[in-house]
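Data block below; observations after.
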Amino acid sequence: MIRLEHVSKSYRTSTRPALDDVTVAVGKGEFAFLIGPSGSGKSTLLRLLLREEVASTGDVYVADLNVGKLSQRRIPQLRQRVGCVFQDFRLLGNKTVTENVAFALEVIGKPRHTIRKVVPEVLELVGLEGKADRMPHELSGGEQQRVAIARAFVNRPLVLLADEPTGNLDRDISHEIMLLLERVNRTGTTVLMATHDHTIVDSMRRRVVELHLGQLVRDESRGVYGVSR
Amino acid sequence: MRASFVFSEVVTGLRRNVTMTVAMILTTAISLGLLGGGLLVVRTIDRMQQDYYQRVETVVYLSADISANDPGCTSSTCSALRGQLESAPGVQTVIFESRQAAFARFQRIFQGQPELLQLARPEALPASLRVQLSDPARFPSIAKAFTGRPGVDRVTDQGEYLRQLFRALDGLRNATFVIALIQALAALLLISNTIQISAFTRRAEVGVMRLTGASRWYTQLPFLLEAVVAGVVGGVLAIVGLVIGKVAFVDRVLAGVFEAAIVPRIGYADIFSVAPILLLVGASVAALTGYLTLRLYVRT
Ligand SMILES: Nc1ncnc2c1ncn2[C@@H]1O[C@H](COP(=O)(O)OP(=O)(O)OP(=O)(O)O)[C@@H](O)[C@H]1O
Ligand SMILES: [Mg+2]
């Protein structure tokens with residue numbers, strides 16, 4: 001589902017490459033953690049998958065798309081298949097929970113009756129059915145992240161990318177978010193989550209891909225965060 | 001494409017920056033109004049040129065001798081001149097006006113001023129050959145060929161005064177266009193700036209749109225439409241402004257001139273034939289500015 005082949009990425013402004021000859025594949029329906037210290041290239045890798053950046057060398061594939069070779073016009077096709085959530089939620093403050101989730105469908109031209117049907121369904125899936133009409137500032141951080149996940153998931157993407165989704169949340173709430181991501185994963189969606197959070201990685205016992213200074217240094221199928229750092 | 005969604009985005013966008021929106025629309029309106037004014041001047045000039053040059057005559061004034069002694073243009077000098085004028089290229093008609101006829105015309109023209117009439121004597125007026133040219137540009141060659149010939153006093157062209165008048169009107173038109181152009185530049189910068197502000201205040205939405213895979217159209221159309229709305233509303237205001245300007249200003253100040261048919265009246269038909277041009281120019285220039293601004297300043 002996700003495949004990187006000898007991918008390197010150098011930003012124009014820095015000397016050290018952010019990613020250095022990374023080859024890795026994540027299969028359909030898999031759940032994988034992407035770990036590594038700050039600056040190791042986790043976010044860069046996720047940005048390549050979204051075509052927010054283009055690899056300097058090597059090839060990036062998502063589903064059947066060669067991401068680096070997509071024309072500008074076809075980038076939306078990629079992004080409609082890849083949902084993403086971030087540490088800072090990125091909700092629209094002037095829209096309700098329902099409107100935030102619906103927005104993701106409106107802007108890709110989904111018909112109104114579909115939107116009216118699927119938005120409540122996905123809000124139920126993330127456990128927010130009672131808060132559909134709240135504004136983001138009336139929600140806790142954990143609830144806001146649920147909205148963000150609902151928005152990323154509402155179009156049933158093949159892949160869900162999460163960049164430190166629990167970075168702003170305390171341990172218990174983080175755990176709930178992890179359960180939600182597992183639930184998303186069980187629907188067949190491939191999940192790739194970048195994180196520093198030892199506790200979460202250790203407790204989930206899922207595949208761990210570790211980066212260090214842009215290089216792939218570990219890839220274990222039922223890994224822990226590791227003791228070296 | 002969900003029209004209602006795009007439409008509501010446009011309305012929120014315009015409402016969010018009310019002051020900028022108003023400034024943008026007013027500047028656009030003034031610019032388009034000036035453009036429209038310039039176009040109306042052009043139409044007026046064209047129409048004036050048509051009927052003025054039709055009416056103007058080149059006049060060959062005849063010598064005192066002919067004026068006094070040849071009331072029917074029967075002398076060999078006079079009839080030869082007439083014959084040569086008639087066969088000269090570009091000449092449509094040649095009419096002889098005797099001293100008596102000239103005096104009669106003079107009396108007609110100055111009917112209202114008896115003091116003048118009393119002073120005037122027929123002897124003061126020369127007889128003339130009045131020449132209608134099919135092409136007013138022919139005048140210099142006629143003047144050159146006939147000036148100084150026996151029996152000719154001088155050759156004058158009423159067209160010369162008209163040319164001065166039209167030069168003044170051309171200047172007015174050019175000045176209007178130049179101001180319209182400067183104003184248009186201000187309008188463009190304002191539109192561009194408003195779109196940038198709009199894109200900035202909406203960066204969160206645009207960010208979400210990009211990541212959820214909205215097409216370029218969905219992300220950019222609201223901004224483009226904002227610009228186009230400004231262009232069209234500006235155009236409508238400009239047209240309203242022209243109508244008001246006609247009724248409240250031109251029709252009053254130039255009433256006498258219109259009455260005397262010196263300048264053809266500017267009618268509603270003229271304004272409405274300029275109107276679609278203003279709307280089209282407003283909308284398309286705004287759209288183009290919007291498109292370029294998005295290309296240059298807004299990441300998608
Ligand atoms: N836009 C950019 N321009 C230049 N250099 C960048 C850019 N983004 C990231 N980098 C550099 O690339 C390297 C990898 O950054 P990246 O954000 O991928 O790390 P990360 O693993 O996500 O770190 P963190 O855990 O702190 O989020 C860093 O050295 C960073 O300074
Ligand atoms: Mg990061």
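Keep in mind it's a predicted model, so treat the numbers as computed, not measured.
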(request) Start with the C-alpha gap between A:Glu106 and A:Lys110, add the side-chain angles, then the distance that decides, and say whether salt bridge (charged side-chain N to carboxylate O under 4.0 Å, His left out) holds. (result) CA-CA 6 Å; A:Glu106 275 165 349; A:Lys110 285 279 190 273; over 6 Å; no
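Among residues two or more places apart in sequence or in another chain, the side chain to side chain donor-acceptor pair (under 3.5 Å) test is passed with B:Tyr268 by none.
No other option in A:Arg151, A:Arg81, A:Lys95, A:Arg90 has as many heavy-atom pairs under 4.5 Å with chain B as A:Arg151.
Annotation: cation-pi pair A:Arg183/A:Phe153 absent, no NZ/CZ under 6.0 Å from the ring centroid and within 45° of its normal. For the pair A:Lys9 and A:Tyr11, the cation-pi test (distance below 6.0 Å, angle within 45°) is passed.
For A:Ile75, no part lies near chain B; criterion is any non-hydrogen pair under 4.5 Å. For chain B, the nearby part of A:Asn94 is the side chain; its heavy atoms alone come within less than 4.5 Å.
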